[in-house]
Amino acid sequence: MAGLSFDHYKRNQHLAAKGVATQKFTSTGTTIVGCKFDKGVIIAADTRATAGMIVADKNCAKLHRLAPTIWCAGAGTAADNDKVTELESSNLELHSLWTGRAPRVVTALTHLKQHLYKYQGHIGAHLILAGTDPTGAHLFSIHAHGSTDVGPYMSLGSGSLAALAVLESKWHDSLTKEEALALCAEAIEAGIFNDLGSGSNVDVCVMEIGEPARLQRGFRMPNPKSVKSRNYKFVRGTTPFFDPEPQDAMVVDEVAA
Amino acid sequence: MPIEHSFNPYGDSSGGSTLAIAGKDFAILAGDTRHSTGYSIDSRNESQIHSVGDGLLVSPNGFSADARAFVDDVHNDIIWYHHKHNKKLAISSCARSIMHTLYRRRFFPYYVSPILVGIEPDGTGAVYSFDPVGSYEREASRAAGHASELLVPFLDNQVRKANQVDPETGKPLAQHDLDLETALQLVKDAFAGAAERRIQVGDWLEIAVVTKDGHKVERYPLRRD
Amino acid sequence: MDPRADLRPLKKGEVNLGTSIMAIKFKDGIILGADSRTSMGSMIANRVTDKLTQIHDKVWCCRSGSAADTQSVSDYVKFFLDQCTYDFGQKPTARIAANLFRELCYRNKAQLTAGIILAGYDEETGGEVYSIPLGGSLHKADYAIAGSGSTYIYGLCNKYYKPDMEREEAIEFVKQSLTQAIRWDGSSGGVIRMVLLTKNDPERLLFLPDEYRADEYPSQTPVSA
């Protein structure tokens with residue numbers, strides 16, 4: 001059968017109803033934003049991944065490449081975002097090979113929304129899709145259930161309200177690249193500092209018409225790790241361990257020739 | 001489907017974490033100043049360390065609204081003790097009093113796991129820790145709050161020298177009394193580490209050092225994200 | 001689950017077009033109107049949404065309910081109508097489009113939360129308005145209102161709608177009706193969008209809150225920068 005397997009769905013629901021703890025997925029409790037400027041479009045993201053209230057990854061990448069000039073920022077379940085963008089990047093490549101044309105952002109948009117709609121929200125990917133193609137620069141958002149929106153600026157994820165506060169107060173319709181870059185970074189920083197699900201650094205990707213897209217990991221790093229006041233190196237031999245001979249752990253079985 | 005309505009008196013707003021270490025002639029109570037509910041920060045600058053009189057410090061650890069009511073209770077009990085007996089309340093007696101305060105609400109508990117810190121009449125530093133309904137004990141160190149499961153193993157290893165042997169003899173490393181300097185460094189590093197991995201911990205670290213002469217509090221910055 | 005109709009609230013985390021939408025017939029053709037608010041629970045996910053969707057040159061619809069469901073259904077109808085054009089070599093009518101919507105909404109009623117108003121213009125009929133509410137029924141009318149905000153303007157529209165209104169009067173009718181719907185419905189808001197379908201090319205109109213609510217809050221009239 002093509003597609004995802006839902007074999008264990010009923011069993012897991014039954015278990016959950018009986019009070020068995022459900023698995024915690026790594027979620028990108030996230031702030032992601034996108035913003036258009038005069039000659040292109042920018043997307044940005046924080047770099048914290050969480051599993052419940054624990055930081056699972058302090059510097060994860062939430063900006064995914066779908067095509068050389070089409071990029072995507074993901075919020076929601078980390079694995080779903082990784083897989084859905086991986087699938088789409090593959091489909092776009094095949095599609096552009098087949099048509100002999102550069103891939104378009106609306107193509108990615110349509111593919112993604114139809115895929116997510118098919119799974120009725122069970123694939124927890126919330127995306128900001130942006131890029132440049134022969135028809136210009138584009139910016140879209142896609143929710144897990146498959147609905148899409150268009151706009152000159154947008155934010156998604158748990159820190160979206162903090163980010164949107166910045167965007168709504170400072171965005172205007174004639175931003176230069178540098179201004180848009182600063183605005184996106186400031187919006188992400190609002191998420192990083194005011195939303196506990198978001199943190200660490202700001203990643204950005206600039207897609208300018210006629211230029212190759214430029215990804216900048218760690219565009220801003222407002223949370224450097226502090227220097228420890230003590231040294232926690234252990235002298236070799238500090239940790240006690242058992243050292244059984246390998247043959248003691250082996251089962252020897254002789255087979256008649 | 002019938003619609004059920006209910007009121008939950010407990011919320012999920014709470015402080016970050018606190019940590020206490022008892023030394024030979026001092027005791028440390030440290031805590032971060034971030035308070036949060038879910039993914040939102042309620043305050044970046046709200047102390048979890050409360051001086052309740054007689055050189056005793058309490059950190060309530062838990063649901064913020066109960067925490068405040070609990071500290072007020074403890075404070076009041078000490079004031080009434082002064083009125084009735086006209087003398088200082090010993091830390092062991094304060095611990096017993098807190099036990100009663102908590103157990104009195106056995107069937108509608110304060111959602112707190114308090115730590116009490118001070119100096120015993122014999123001059124040694126003391127840490128008492130409690131569960132929400134009053135079970136308590138005196139300990140060498142204790143961590144509570146959201147990052148307790150991150151802080152406790154670190155404390156076990158560095159204060160109690162757990163899982164460490166002398167490379168020469170192969171014997172477990174001896175636990176010796178911490179000097180204040182080392183203890184403070186451990187507390188700072190423990191919180192820096194907790195703030196890296198626990199999203200509820202951050203903003204500022206407050207460290208209170210209690211000696212026979214009273215207590216003083218120092219503040220250090222933590223991650224703000 | 002009741003298999004007859006999906007009258008539940010939206011699926012968890014689903015994007016909702018808590019909406020005020022309408023379409024009317026007037027002298028020259030059709031006017032479709034909508035607010036622009038999209039909500040997720042209490043959050044406004046998009047304040048400038050375009051709920052007026054083009055199905056064919058002069059066949060348009062207003063979407064209410066789940067954003068994902070209505071976008072998906074619209075895309076299907078758009079695809080089918082395109083096929084029809086190629087197969088039969090003539091422009092599709094509003095009637096055909098409305099029946100396609102009805103078919104999809106009726107056959108998949110257990111899975112869908114989609115309330116749609118469909119309207120189209122052709123020289124033959126001079127414009128038609130159809131309403132396809134939640135269960136998948138189809139109703140032809142001179143005007144239709146739908147979405148959560150429509151409940152507040154049933155009386156208003158009933159009293160003031162006239163067939164064969166002049167262009168300006170018709171625009172004003174839609175604007176005033178939607179203004180009231182937005183005024184009283186918490187999940188409607190933003191700008192008012194309109195599309196005019198006449199013998200000419202489709203024409204879009206946009207009204208900002210500063211304008212359509214100016215008389216309501218005189219103090220909030222636009223402040224020049």
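Here is how names work: the chains are called A, B, and so on, in the same order as the sequence lines, proteins then strands, and each is numbered from 1.
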Under 4.5 Å from any heavy atom of chain B, what part of A/Ser200 do you find: side chain, backbone, both or neither?
both

Identify the residues of residues 223-233 of chain A whose heavy atoms come closer than 4.5 Å to a heavy atom of chain B, ordered by number, or report 'none'.
A/Asn223, A/Lys225, A/Ser226, A/Lys228, A/Ser229, A/Arg230, A/Tyr232

Using non-hydrogen atoms and a 4.5 Å limit, figure out which bit of B/Leu222 sits close to chain A: side chain, backbone, both or neither.
neither

Assess whether atom CZ of A/Arg11 is packed by more than 12 heavy atoms of other residues, nucleotides or ligands within 6.0 Å.
yes

If I measure from the heavy atoms of chain A, does B/Phe191 come under 4.5 Å with its side chain, its backbone, both, or neither?
neither

Compare all side-chain heavy atoms of A/Thr239 with those of B/Asn163 and state whether any distance is below 4.5 angstrom.
no

For A/Arg48 and B/Ile199, what are the C-alpha separation, side-chain angles and deciding distance, and is it a side chain to side chain contact (heavy atoms under 4.5 Å, CB included)?
CA-CA 10 Å; A/Arg48 173 179 285 182; B/Ile199 65 175; 3.4 Å; yes

Surrounding CZ of B/Arg68 (heavy atoms of other residues, nucleotides or ligands, distance under 6.0 Å), is the total greater than 12?
no

Beyond-backbone contact of B/Arg44 with A/Phe193, side-chain heavy atoms, under 4.5 angstrom:
yes

As an exercise, state the distance from OG of B/Ser40 to CG of A/Leu161, rounded to the nearest 0.5 Å.
9.0 Å

Got a sec: does the CZ of A/Arg220 have more than 12 other heavy atoms crowding it under 6.0 Å?
yes

Name the region of B/Asp203, side chain, backbone, both or neither, that has any atom closer than 4.5 Å to a heavy atom of chain A.
neither

Report yes if the side chains of A/Val55 and B/Glu196 come closer than 4.5 Å at any heavy-atom pair, otherwise no.
no

Tell me which one of B/Arg197, B/Gln200, B/His146 satisfies side-chain contact (heavy atoms from CB on, under 4.5 Å) with A/Met53.
B/Gln200

Tell me the closest heavy-atom pair linking A/Gly52 and B/Tyr39, and the distance in Å.
O-OH, 4.2 Å

A/Pro222 and B/Asp225, any side-chain heavy atoms less than 4.5 Å apart:
no

Measure distances from A/Asn201 to the heavy atoms of chain B and classify the residue's part below 4.5 Å as side chain, backbone, both or neither.
neither

Would one find more than 12 heavy atoms of other residues, nucleotides or ligands at under 6.0 Å from atom CZ of B/Phe26?
yes

Dump the intermediate steps for side chain to side chain contact (heavy atoms under 4.5 Å, CB included) on B/Ile41 and A/Leu196, then the final yes or no.
CA-CA 7 Å; B/Ile41 295 171; A/Leu196 293 185; 3.6 Å; yes

Could you check whether any side-chain heavy atom of B/Val165 comes within less than 4.5 Å of a side-chain heavy atom of A/Thr238, counting everything from C-beta outward?
no

Rounded to the nearest 0.5 Å, how far apart are CZ of A/Phe234 and CG of B/Asn157?
4.5 Å

Given heavy-atom pairs under 4.5 angstrom as the criterion, report whether the side chain, backbone, both or neither of B/Gln158 touches chain A.
side chain

